[in-house]
Amino acid sequence: MDGGVVVGSSGSRDYPGKMTFYVFFACLIAATGGLIFGYDVGISGGVTSMDSFLEKFFPAVHRKELDTVSTNQYCKFDSQLLTAFTSSLYLAALVSSLFASTMTRKLGRKWSMFSGGVTFVVGATLNGSAVNVAMLILGRLLLGIGVGFTSQSVPLYLSEMAPARLRGMLNIVFQLMITIGIFVANVINYGTEKIKGGWGWRVSLALAAVPGAIIAIGALTLPDTPNSLIERGHDEEAKAMLRKIRGTTDIEAEFEDLVVASNQSKAVKHPFANIRMRKYRPQLTMAILLPFFQQLTGINVVMFYAPVLFKTIGFGSSASLMSSLITGLINVIATFVSIFTVDKLGRRKLLLEGGIQMFLGQIVLGILIAIKFGTSGVADVSKTYAIFVVAFICVFVTGFAWSWGPMGWLVPSEIFPLEIRSAGQSISVSMNMLLTFTIAQVFLAMLCHMKFGLFFFFAAWMFIMTMFVYFFLPETKNVPIEEMILVWKKHWFWGNFIVDEDIHNGDVENGRPSNIVHLCSQEHVSAVDIRSHAVKKKMATEAGPS
């Protein structure tokens with residue numbers, strides 16, 4: 001929509017602008033950073049189900065797998081060395097995302113993406129040529145550094161480049177790329193597992209260099225975001241870029257808001273210390289709890305170990321990889337649902353619906369596994385029964401793909417003010433990787449000890465997180481990210497942490513807060529009153545002095 005300021009549904013103002021091909025293409029290239037994360041999730045689960053890989057690097061696990069008659073199915077893959085291989089990446093990603101914050105803030109978002117892509121290529125090369133476990137894990141650590149840098153910078157880049165009314169859709173392309181990466185990895189695993197000679201796993205691991213090269217080369221072609229340019233003192237370049245990505249010359253209101261936010265950002269010398277201030281408590285809480293909850297849905301249990309899980313319930317090696325391929329395809333398709341609905345239905349509705357769907361899916365899965373395997377873990381599973389299990393895994397995966405999957409990345413990337421945005425995103429990524437690392441490290445042991453109860457464990461967490469969203473997460477759709485504080489100020493709980501002086505957007509022309517701050521502080525004032533105030537203020541500004 002062009003011409004004039006558009007007032008968003010929360011009472012904040014939107015800016016004139018439209019979806020331009022330039023923005024779409026830039027966001028598409030940046031979002032390919034999700035390919036490396038998704039490819040690794042899919043490839044590691046498939047490779048660890050290949051007999052040739054296990055026989056070479058994890059012979060004890062391979063011997064236990066061959067003992068199909070007497071071995072407890074819950075415990076036959078329980079190996080700390082095997083889980084160290086899968087989870088070491090996420091420990092490296094956790095640490096590197098904190099360092100990525102400094103690079104993202106001082107050099108720009110694109111250079112974090114480039115660094116992540118290059119490091120990922122080196123890690124993939126090491127893994128593909130590995131001759132021992134040490135080389136495997138070193139390669140995984142380098143892959144983790146790549147994932148940490150790209151996961152920290154890509155969602156920020158997408159949120160800052162996108163028009164507010166389309167921010168959700170463009171940001172979720174990152175999650176779409178993750179799902180595509182998982183699916184492509186499953187296809188590759190299905191093919192390489194059939195290579196005679198037992199070296200197919202090398203192809204699977206080495207091909208991770210392809211998505212790494214895509215984001216590294218793509219990052220060099222990307223423009224900097226206006227937010228980043230202003231933050232680094234390039235105001236005229238930022239104005240030119242804003243005109244280009246919004247497709248209009250009417251960018252003064254948005255530019256001035258960005259300048260105000262940048263001035264506040266420059267005054268913050270230690271963002272990791274400032275983020276602990278009371279006024280940032282709502283954003284900090286979300287940055288910690290949303291990725292925490294995202295991983296406790298149990299999705300990585302399914303995606304990391306889908307081939308292993310399917311083998312456990314009676315599928316052969318090739319059949320288990322085919323089942324993973326099916327769930328991977330469903331994951332991609334379901335993500336499109338989120339892309340086309342997130343800016344219409346909003347973040348809350350998708351999270352609530354997805355939470356309920358996943359809760360029911362995990363409960364049914366737990367019951368199905370309990371009926372067949374009980375506590376002994378020994379059973380013969382018919383093809384029909386196995387198909388039932390796969391069907392409910394698909395129910396679970398679709399629920400995640402259009403809710404907690406994309407929202408876990410989208411919401412944290414859009415709620416922080418510029419002065420702590422890079423630090424906040426780093427905390428969010430670090431928490432995501434910490435939980436991913438922890439679950440990857442303990443899952444096989446948990447499956448061995450908790451048995452089918454593991455599914456009920458994750459179901460309980462999904463109930464908790466759905467209640468949390470219902471009571472504590474406000475709707476953020478269509479709100480310009482520099483005015484997001486108005487959403488928190490009007491919330492029944494988080495508004496208690498924000499005083500009027502904390503709100504600095506509004507009368508940017510004069511460099512001081514407008515009366516909208518006073519309006520937001522009055523609980524009885526509706527969003528309509530705020531919209532009316534914003535529109536009247538805009539008309540008065542355009543009319544000039546009488």
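Note: hydrogens, waters and symmetry copies are ignored here, and every other heavy atom, side chains too, is used. When a residue number appears, it is its place in the shown sequence, counting from 1.
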So F497 and W494, would you call those rings parallel, tilted or perpendicular, with 30° and 60° as cut-offs? tilted
Closest non-hydrogen atom pair between A26 and M161, with its separation: CB-CE, 4.1 Å
Does D343 use its side chain to pair, donor to acceptor, with the backbone of M169 at less than 3.5 Å? yes
Any non-hydrogen side-chain atom of R348 less than 4.5 Å from a side-chain atom of Y470? yes
F120 vs I214 side-chain heavy atoms within contact, under 4.5 Å: no
For F471, does its backbone N or O pair with a side-chain atom of W492 as donor and acceptor, under 3.5 Å? yes
F37 backbone acceptor or donor facing D40 side chain under 3.5 Å: no
Nearest 0.5 Å, please: how far is CE in M103 from CE in M113? 12.5 Å
Could you walk me through whether F149 and W111 pass the side-chain contact (heavy atoms from CB on, under 4.5 Å) check? CA-CA 9 Å; F149 269 77; W111 292 110; over 6 Å; no
Any idea which heavy atoms bring D224 and G108 closest together, and the distance? OD1-CA, 4.1 Å
Can you confirm whether F99 is buried at CZ, in the sense that more than 12 heavy atoms of other residues, nucleotides or ligands lie under 6.0 Å from that atom? no
Under a 3.5 Å threshold, yes or no: a donor from one side chain and an acceptor from the other, between S159 and S413? yes
Verify side-chain contact (heavy atoms from CB on, under 4.5 Å) between I275 and F416, making sure each step is shown before the conclusion. CA-CA 10 Å; I275 203 171; F416 282 99; 3.7 Å; yes
Using atom types as modelled and distance alone, determine if a side-chain donor or acceptor of K477 lies under 3.5 Å from a backbone N or O of K344. yes
L138 CG to L143 CG distance, which is reported to the nearest 0.5 Å: 9.5 Å
Any donor-acceptor N/O pair, S151 side chain to G148 backbone, under 3.5 Å: no
From I215 atom CD1 to M177 atom CE, the distance as rounded to the nearest 0.5 Å: 9.5 Å
Will you find, in the side chains of T335 and Q175, an N or O donor that is under 3.5 Å from an N or O acceptor? no
side-chain contact (heavy atoms from CB on, under 4.5 Å) assessment of Q152 paired with S101: CA-CA 7 Å; Q152 196 276 341; S101 171; 4.1 Å; yes
Looking only at the side chains, is there a donor atom on one of S426 and S97 sitting less than 3.5 Å from an acceptor on the other? no
Is the shortest heavy-atom distance from the side chain of K279 to the side chain of V499 under 4.5 Å? no
Could you tell me how the ring of F24 sits relative to the ring of F21: parallel (under 30°), tilted (30 to 60°) or perpendicular (over 60°)? tilted
With a 4.5 Å heavy-atom cut-off, do K110 and S153 have their side chains touching? no
Between A401 and P406, the two heavy atoms sitting closest are O-CD, 3.2 Å
Of all heavy-atom pairs linking P226 and L242, the shortest is CG-CD1, 3.6 Å
Between V332 and T179, what is the shortest heavy-atom contact and its length? CG2-O, 3.3 Å
Got a salt bridge between K349 and E475, using NZ or NE/NH1/NH2 to carboxylate O under 4.0 Å? no
Is any side-chain heavy atom of Q294 less than 4.5 Å from a side-chain heavy atom of L435? no
Heavy-atom distance under 4.5 Å between the side chains of F255 and R246, does that happen here? no
Show, in sequence, the C-alpha distance, side-chain angles and deciding distance for E252 and K239, and conclude whether the salt bridge (charged side-chain N to carboxylate O under 4.0 Å, His left out) test is met. CA-CA 8 Å; E252 290 303 317; K239 268 192 174 181; 3.7 Å; yes
Please examine the side chains of L94 and M431, heavy atoms only from C-beta on, and report whether any two atoms are closer than 4.5 Å. no
Atom CG of L220 and atom CD1 of I29: how far apart are they, to the nearest 0.5 Å? 10.5 Å
Can you see which heavy atom on M433 is nearest to which on V147, and at what distance? CE-CG1, 3.5 Å
Would a 4.5 Å heavy-atom cut-off, applied to side chains only, mark T150 and S112 as touching? no
Could you measure the distance from the CG atom of L156 to the CD atom of E414? Nearest 0.5 Å is fine. 11.5 Å
For M407 and I172, what are the C-alpha separation, side-chain angles and deciding distance, and is it a side-chain contact (heavy atoms from CB on, under 4.5 Å)? CA-CA 8 Å; M407 299 307 123; I172 290 175; 3.5 Å; yes
Not counting sequence neighbours, list each pair that qualifies as a salt bridge (Lys or Arg N to Asp or Glu O under 4.0 Å) and has a residue in residues 117-128. none
Using the ring centroid of each side chain, check whether F292 and W461 are separated by less than 6.0 Å. yes
Can you measure from CG (L290) to CD1 (I415) and round to the nearest 0.5 angstrom? 6.5 Å
Please assess S228 against R232 for the test side chain to side chain donor-acceptor pair (under 3.5 Å), listing each intermediate value before the final yes or no. CA-CA 6 Å; S228 180; R232 292 181 286 128; 3.2 Å; yes
With no hydrogens and no angle check, do the side chains of N171 and Y157 hold a donor and an acceptor under 3.5 Å apart? no
Under a 3.5 Å cutoff, is there a donor and acceptor pairing between the side chains of S428 and N432? no
